[in-house]
Amino acid sequence: MARLQDARGLSSSQRRIADCILARMGDAAFWGVEEMAEHSQSSVATVVRFAQKLGYSGFLELRQALVAQARKRDKSGERLFQAPEEAAATLLEVARRDVANIEQMVHGVNEALLQEVVRSLKSARHRVAVGRGVSAIMAGQLAYLLTQAGLPTVEGSPADFAAQASNLDAGDLLIAFSFHPYSTETLDAAAYARKKGIRILAFTDKLGAPIARLADATLPVAGENLLYSHSLAAFSVLSHGIATALAASEREEAIRRVREADRVAKPQFVKDA
């Protein structure tokens, strides 16, 4: 839903409703106003005001839009994943959860937001990606892909985020990864960058996360899994999508860089048998 994805200026309680709907788009179409309030840990009045904030006359019109979206998806018959009957049960459950994470991420990042991210990355003089724990893994992956796409990006060291942020200035970009449990070092670095007028691009688990209040643009990345951590599947799709969009904007230059990199690195490769 474009209105939900493009919503700006939401209160913290309204952000919870938005996160809840995006996380359970299929179920939300069948909730009454009381159920939506319960699932989002808000009040009926807040749900109604949220619907009006999106430009609907009230909750019923919002629900009609959700139902129409659900019917459109069902009618298409599209499925991202179809498993064979003999698939291992554990593997199947992990795959199903990651497919759900990818679908949720796709609902939360529309074309306008993706292009906004691409413009921010391209216009920045320098780019530094920071994050702790699983966020550090994401920061490294995105830094690698952006560099491959022609935008050299530094992966920040968790040992000294503050110093790295202090080397940035207006015209640069801090890419902050903050997933629960949220790292104070990442938030402190983002707060410092905000004071200096440095743009901040945030990747996090929900729009109501602390980093979202500091960021110029926030990309929600779902990652529910069985290990009480954060799955990387949806982020992998998103990061490759960003890099691909960047490369597509300068296709000939991207091809030239890949060929040049292959030429330089070729002596290091093992020859095929």
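This is a predicted model, so every value here is computed, not measured.
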For a quick test of your reading: what N or O donor-acceptor pairs under 3.5 Å do the side chains of residues 186-194 make, sequence neighbours left out?
{"residue": "R194", "atom": "NH1", "partner": "L214", "partner atom": "O", "Å": "3.2"}
{"residue": "R194", "atom": "NH1", "partner": "D216", "partner atom": "OD1", "Å": "3.1"}
{"residue": "R194", "atom": "NH1", "partner": "D216", "partner atom": "OD2", "Å": "3.4"}

Checklist entry - Quick one: does E61's side chain have a donor or acceptor within less than 3.5 Å of a partner on S57's backbone? => result yes
Next on the checklist: Hydrophobic cluster membership, with links at side-chain heavy-atom distances under 4.5 Å among I/L/V/M/F/W/Y: are L219 and Y144 in one?
Outcome noted: no
Next on the checklist: Do N110 and L113 make a side-chain contact, defined as non-hydrogen atoms from C-beta onward lying under 4.5 Å apart?
Outcome noted: yes
Checklist entry - From K53 NZ over to S11 OG, what is the distance, rounded to the nearest 0.5 angstrom? => result 8.0 Å
Checklist entry - If you group Ile, Leu, Val, Met, Phe, Trp and Tyr by side-chain heavy-atom gaps below 4.5 Å, do V128 and F161 land in one group? => result yes
Checklist entry - Does any non-hydrogen side-chain atom of V106 lie less than 4.5 Å from one of L238? => result no
Checklist entry - Given the rule that I, L, V, M, F, W and Y join up when any side-chain heavy atoms are under 4.5 Å apart, are L174 and L121 in one cluster? => result no
Checklist entry - Same hydrophobic cluster for L173 and I198, using side-chain heavy-atom links shorter than 4.5 Å among ILVMFWY? => result no
Checklist entry - Is it true that a side-chain atom of D19 and a backbone atom of L207 form a donor plus acceptor pair closer than 3.5 Å? => result yes
Item to check | Taking every non-hydrogen atom, the tightest pair across A217 and E116 | outcome: CB-OE2, 3.7 Å
Next on the checklist: Quick check against the 3.5 Å criterion: does K196 have a side-chain atom that pairs as donor or acceptor with the backbone of L168?
Outcome noted: yes
Next on the checklist: Run the side-chain contact (heavy atoms from CB on, under 4.5 Å) test on C20 and M36 for me, step by step, so that the C-alpha distance in whole Å, both residues' side-chain angles and the decisive distance to 0.1 Å come before the verdict.
Outcome noted: CA-CA 8 Å; C20 186; M36 186 169 292; 5.9 Å; no
Checklist entry - Quick check: are there more than 12 heavy atoms from other residues, nucleotides or ligands sitting under 6.0 Å from NE2 of H126? => result no
Checklist outcome for this item: Applied to residues 161-187, the salt bridge (Lys or Arg N to Asp or Glu O under 4.0 Å) test, sequence neighbours excluded, yields R125-D172, R132-E185
Next on the checklist: For E35, give me all partners under side-chain hydrogen bond (donor to acceptor under 3.5 Å, both in side chains), at least two apart in sequence or on another chain.
Outcome noted: none
Checklist entry - Minimum heavy-atom separation for G208 to R213, with atom names? => result O-NH1, 4.2 Å
Checklist entry - Can you tell me how far the OG atom of S231 sits from the CG atom of N225, to the nearest 0.5 Å? => result 5.5 Å
Checklist entry - Going through the distances and angles, do F179 and M138 end up as a side-chain contact (heavy atoms from CB on, under 4.5 Å)? => result CA-CA 10 Å; F179 291 79; M138 296 181 187; 3.3 Å; yes
Next on the checklist: Suppose we screen for salt bridge (charged side-chain N to carboxylate O under 4.0 Å, His left out). Which residues come up paired with E224, at least two apart in sequence or across chains?
Outcome noted: R97
Next on the checklist: Just so I know, are the side chains of S229 and V134 near enough to count as touching, which here means a heavy-atom distance under 4.5 Å?
Outcome noted: no
Checklist entry - Can you check side-chain contact (heavy atoms from CB on, under 4.5 Å) on L226 and E93, steps first, answer last? => result CA-CA 9 Å; L226 299 173; E93 179 59 24; 4.0 Å; yes
Checklist outcome for this item: CZ (R63) and OH (Y56) are apart, to the nearest 0.5 Å, by 14.0 Å
Item to check | Separation between CZ of R119 and CG of L114, rounded to the nearest 0.5 Å | outcome: 9.5 Å
Next on the checklist: With a sphere of 6.0 Å drawn around CD of Q41, does it hold more than 12 non-hydrogen atoms of other residues, nucleotides or ligands?
Outcome noted: no
Item to check | Distance-minimising heavy-atom pair for S42 and V47 | outcome: OG-CG2, 3.8 Å
Checklist outcome for this item: For A233 and D98, the nearest pair of non-hydrogen atoms, with its separation, is CB-CG, 3.4 Å
Item to check | Test side-chain contact (heavy atoms from CB on, under 4.5 Å) applied to L145 and I242, step by step | outcome: CA-CA 9 Å; L145 289 171; I242 292 171; over 6 Å; no
Checklist entry - Are the side chains of H39 and E34 in touch, meaning some heavy atoms are under 4.5 Å apart? => result no
Item to check | Whether S166 side chain and A163 backbone form a donor-acceptor pair below 3.5 Å | outcome: yes
Checklist entry - To the nearest 0.5 Å, what is the distance between CD1 (I21) and OG (S40)? => result 7.5 Å
Could you list the donor-acceptor pairs under 3.5 angstrom formed by side chains in residues 199-206, with sequence neighbours left out?
{"residue": "R199", "atom": "NH2", "partner": "S120", "partner atom": "OG", "Å": "3.1"}
{"residue": "T204", "atom": "OG1", "partner": "S178", "partner atom": "O", "Å": "2.5"}
{"residue": "D205", "atom": "OD1", "partner": "Y182", "partner atom": "OH", "Å": "2.9"}
{"residue": "D205", "atom": "OD2", "partner": "H180", "partner atom": "N", "Å": "3.4"}
{"residue": "D205", "atom": "OD2", "partner": "Y182", "partner atom": "OH", "Å": "3.3"}

Checklist outcome for this item: When rounded to the nearest 0.5 Å, the distance separating NE2 of H107 from CG of L22 is 8.0 Å
Show me the donor-acceptor pairs within less than 3.5 Å that the side chains of residues 149-159 make with the rest of the protein, sequence neighbours left out.
{"residue": "T153", "atom": "OG1", "partner": "L151", "partner atom": "O", "Å": "2.9"}
{"residue": "S157", "atom": "OG", "partner": "A159", "partner atom": "N", "Å": "3.3"}

Checklist entry - Is V94 reachable from F235 through a run of I, L, V, M, F, W or Y residues, each pair having side-chain heavy atoms under 4.5 Å apart? => result no
Checklist entry - Of L142, I211, V130, I137, which meets side-chain contact (heavy atoms from CB on, under 4.5 Å) against F177? => result L142
Checklist entry - Do you know the tightest heavy-atom contact between A234 and A222? => result CB-O, 3.4 Å
